[in-house]
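Structure, as structure tokens:
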Amino acid sequence: MNLGWSVLEALRENPEVLKDSLRKRYMPTDLVDKAIELDIKWRERITELNRLREKRNEVNRLIPRIPPEERGKLIEEAKDLGRKVKELEEEVKKLDEERNKILASLPSIVHESVPEGPDETYNVPVRFWGKPKVPRSKLESFKRETEGFQVEFELLDWEPKGHADELELILKMGDTYKAAQLSGSRFFYLFKDIVWLEQALVMFALDVISKKGFIPVIPPYMLRQDYYLGVTDLETFKDSIYKIEGEDLYLIATSEHPLIAMHAGDTFVEEELPRLYVGVSPCFRKEAGTHGKDTKGIFRVHQFYKVEQIVFSKPEESWEWHERLIENAEEIYQALEIPYRIVNIAAGDLGASAAKKYDLEAWFPAQGRYRELVSCSNCVDWQSYRLKIKLDRKGRREFVHTLNSTALATTRTICAIIENHQREDGSVRVPRVLRKYLELFDSAPKDEIVPLEEKLIKD
RNA sequence: GCCGGGGUGCCCUAGCCCGGAAGGGGGCUGGCCUGGAGAGCCAGUGGCCCAUUGGGCCGCGUGGGUUCAAAUCCCACCCCCGGCGCCA
């Protein structure tokens, strides 16, 4: 039976494809040759080992059938074969471990439509939506960010405040300084209207996505390491995952992780796919190696809430689902009236698990830049191979494809709303689509968020 | 945290005391049978390696150990369930 992971198949049948993919990612290709060499050697040795074990088993089965007094010679032979088997087993085990270590480090084969390039400067915008507000001072930057596209915009004669200053100094509804004192940088307090706004955003996104047939899920917020390494590569794991001291438990960086791992070991039949889920959970991220980036405000923080779309699909349908997921996210940001663009992420900027990734980047008027709010990835069979999530097709087994896409991450969306819907007087307009969810609460804002007179906590 | 029970193929279960090729049931898939359906019967239903048909190996929570031979005996660990305690 040919149960193949695409990367392993390529390794044996078409290593050039694998090397091309690595080159596109700006990664070394010598590992492929090493892996091929180890794989060939491993297959040689395991065949040899199997033959040796067969012989040993034959002798062992013979022993109980002859009279005890005649067994001595055969027992000696069996002992000898046993020793040889043990030796060879150790060698095979070593080879297997070495091979698997390399295999586990190999990333997904990138899709042909992924742009080449070593880093995010090679990401390719594919479409723009909305009419961005552009302060005069950011016009240059806007032109650069929209190069090659005709994007209609609204020129502002005033300077909107950056989301961080607007939130903390103008609205006075956030405090990262007090939070830093107690918990460290990249933590925050949010107050009053922003709290309601966050709740409404979560409900709204959950509402939109669940209506499309995605099953709502609240997952465990911690996972064991074994399962964690089934959904993410070691690099990401080290840089972003918090560990619970003294236990084999890790705080989730996104509900994608427990939602994908939810089907570890499962075998689907065709009729059961696609499986659609919408996860809601807090996300915890160490943000190691991002010192100095986005240090103000709540754009880049250690914890936030996120509504996440997850799809388990048949292999031949995953690319179609990839498009659908990003469209779902677009629907949400269109409803929130936030101008954005979709970018196709360059191969060199892709995580190991993803074969292709779109980001939805919202326009930030005060920064004069498009910034990432949504990531939408097709992980093909990278995660399902590790977690053994299969599709049983009349006896033939394949690995399912897994996809994930942000529907809405609260903190970044709040930042985008605060900058895009900011008025000259410092108030912030609330997108009409949230009204329904705010209506439920008497003290929630309805049409606009108005600055507080005084700060709630002392400096 | 303490005490007890348990982990066998997709699911359930026998085997464990007393070591000698993992048996039964269910589900699913295919075939036979049928006017059709059902029942019945047969086969398949974990992973890996070699190969043209086919053959072999591994696998009974994990890792060690004893033995010619381990699901079975020994040691360590992990996980799940129940009870008690603690607790929002």
Side-chain angles (χ1 to χ4, degrees), chain A residues 1-13 35-104 218-230 243-250 258 261-273 275 282 312 314 381 384-400:
Chain A
M1 185 167 302
N2 194 9
L3 172 60
W5 175 32
S6 54
V7 171
L8 184 55
E9 267 171 22
L11 186 78
R12 287 182 181 171
E13 285 156 29
I36 292 172
E37 193 190 309
L38 282 167
D39 187 51
I40 289 171
K41 198 154 182 199
W42 172 77
R43 283 149 83 188
E44 256 169 43
R45 302 306 253 168
I46 192 117
T47 305
E48 198 178 321
L49 173 62
N50 284 343
R51 269 199 277 267
L52 206 55
R53 288 205 270 223
E54 182 183 8
K55 215 178 286 172
R56 180 201 58 186
N57 292 348
E58 270 167 20
V59 176
N60 278 340
R61 274 184 297 240
L62 220 55
I63 290 172
R65 287 185 216 156
I66 59 173
E69 59 273 18
E70 295 170 26
R71 287 178 187 175
K73 218 177 119 195
L74 281 180
I75 287 176
E76 277 313 306
E77 195 185 339
K79 264 189 185 172
D80 188 47
L81 282 165
R83 271 192 293 270
K84 283 181 182 156
V85 163
K86 210 166 189 177
E87 268 171 44
L88 198 51
E89 269 174 351
E90 267 164 45
E91 192 187 335
V92 166
K93 194 178 165 191
K94 238 195 220 156
L95 282 169
D96 192 41
E97 278 166 4
E98 267 182 81
R99 184 190 71 133
N100 285 343
K101 208 173 151 194
I102 294 177
L103 236 42
I218 293 178
Y221 300 160
M222 302 177 205
L223 283 181
R224 298 203 178 106
Q225 184 172 34
D226 272 4
Y227 291 94
Y228 228 118
L229 291 177
K243 185 183 195 315
I244 304 295
E245 193 181 322
E247 303 197 47
D248 180 26
L249 281 175
Y250 298 81
M262 181 165 76
H263 283 302
D266 287 355
T267 301
F268 293 102
V269 293
E270 271 192 275
E271 304 75 63
E272 291 171 325
L273 296 178
R275 280 292 256 263
F312 294 83
K314 296 185 212 175
D381 58 359
S384 59
Y385 166 74
R386 290 159 178 245
L387 292 173
K388 312 292 170 227
I389 309 173
K390 296 172 220 168
L391 165 59
D392 187 339
R393 262 176 172 152
K394 306 215 189 305
R396 276 220 159 72
R397 281 179 173 75
E398 300 171 44
F399 289 107
V400 305

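Below, chain A is the first sequence line, B the second, and so on; all start at residue 1. Just the heavy atoms: all of them, side chains too, but no hydrogens, waters or symmetry mates, feed the values below.
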In the structure shown, which nucleotide is the Watson-Crick or G-U wobble counterpart of [N], with both distances under 3.5 Å?
N	result
B:C57	B:G47
B:A14	none
B:A69	none
B:G63	B:C75
B:C32	B:G40
B:G1	B:C84

A:E54, nearest nucleotide to its side chain (from B:C49, B:G47, B:C57):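 Closest of the options to the side chain of A:E54: B:C57.
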Per A:R61 side chain, nearest of listed nucleotides B:C80, B:C57, B:G20: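 Nearest nucleotide to the side chain: B:C57.
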Which is true for [X] with a 4.0 Å heavy-atom rule: it touches a base, it touches only sugar-phosphate, or it touches nothing?
X	result
A:N57	sugar-phosphate
A:I46	sugar-phosphate
A:R224	sugar-phosphate

Using atom [atom1] in both nucleotides, what's the gap between [N] and [M] to the nearest angstrom?
N	M	atom1	result
B:U62	B:A70	C1'	16 Å
B:G9	B:G23	P	14 Å
B:G20	B:U29	C1'	35 Å

Looking only at side-chain N and O atoms, does A:R43 come under 4.0 Å of OP1 or OP2 in B:A51? no
Compare side-chain N and O positions of A:R51 against OP1 and OP2 of B:A51 and report whether any pair is under 4.0 Å apart.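 Indeed not, no polar side-chain atom of A:R51 lies that close.
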Of A:N60 and A:E44, whose closest RNA chain B nucleotide lies nearer the 5' terminus?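 Looking at RNA chain B, the more 5' nearest nucleotide goes with A:E44.
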Closest nucleotide of RNA chain B for A:L74 versus for A:R53: which of these residues is on the 5' side?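 This one resolves to A:R53.
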Over 12 foreign heavy atoms within 6.0 Å of NZ, A:K94: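 12 or below, so no.
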Using 30° and 60° as the class limits, which term best fits the ring planes of A:W5 and A:Y385: parallel, tilted or perpendicular?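 Parallel: the ring planes of A:W5 and A:Y385 meet at under 30°.
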